[in-house]
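Note that ligands are numbered from 1 as they come in the structure, with each ligand's atoms numbered from 1 the same way.
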Amino acid sequence: MTYVFPIWQQPSVPVAGSPALFPVRRIFCVGRNYAAHAREMGSDPDREPPFFFTKPADAIVASGSAVPYPPATANLHHEIELVVAIGQGGANIEAGQALGHVFGYAAGIDLTRRDLQNAAKAVGQPWDMSKGFDQSAPIGTIRPATEIGHPGQAGIRLSVNGVLRQHGNIADLIWSVPETIATLSRLVTLAAGDLIYTGTPEGVGPLKAGDQVAGEIDGIGTVTIHIT
Ligand code: MN
């Protein structure tokens with residue numbers, strides 16, 4: 001096969017303990033999946049089924065990278081999230097079978113142009129440009145489930161310049177990883193290479209140029225970026 005111009009590089013994420021990379025196919029994200037964060041965003045966490053938005057695969061940023069403050073926003077926010085890496089695809093996956101489709105887990109940051117998101121919400125417009133912009137999906141090394149299993153609880157936190165901003169526990173996900181996979185697989189056919197950012201705990205807040213951002217999920221991994 002030839003193309004009319006050179007094909008771009010496949011976005012990928014390092015895998016712990018392996019020289020092989022995880023090739024990123026699509027990036028799905030869950031909205032408002034921790035009760036306290038849903039409340040801080042002005043929603044009722046008890047009345048909402050899970051909902052999804054996406055980022056382009058090439059929004060991936062390797063941990064340790066410098067990320068330029070993005071254009072078209074004056075309110076860039078951090079959201080630390082557990083990321084599920086899908087290793088086996090499928091449609092209409094039962095929650096009881098869902099973990100068998102998981103390759104591994106990582107810590108990720110769902111960077112958000114909060115001002116654009118709030119403006120979009122106010123008039124019922126899509127979130128694409130507030131969520132799916134360039135370099136909006138930093139992610140750390142993926143830890144294979146064959147190594148760490150499927151953690152049901154783990155501390156999750158994010159600090160900016162050494163000051164703790166977010167902390168929670170993945171046990172407090174409103175929709176668990178199996179439920180999220182089951183629900184998403186009824187909307188699209190999942191495939192190996194898909195990533196799911198599962199939502200953020202409370203404490204989201206603004207970033208500025210110069211900030212050192214460090215996220216961590218106990219037993220899973222870290223993700224760091226430097227805003228320039
Ligand atoms: Mn998020």
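The N, O or S atom of Glu81 lying closest to the Mn ion (ligand 1) is OE2. For the Mn ion (ligand 1), the nearest N, O or S atom contributed by Asp110 is named OD2. Looking at Glu79, its N, O or S atom nearest to the Mn ion (ligand 1) turns out to be OE1.
The shortest distance between side-chain heavy atoms of Leu190 and Phe28 falls below 4.5 Å. Counting heavy atoms from C-beta on, the side chains of Asp218 and Arg157 come closer than 4.5 Å. Looking at Trp127 and Lys121, their side chains come closer than 4.5 Å, going by heavy atoms from C-beta outward.
The environment of Gln10 atom CD is dense: over 12 non-hydrogen atoms of other residues, nucleotides or ligands sit within 6.0 angstrom.
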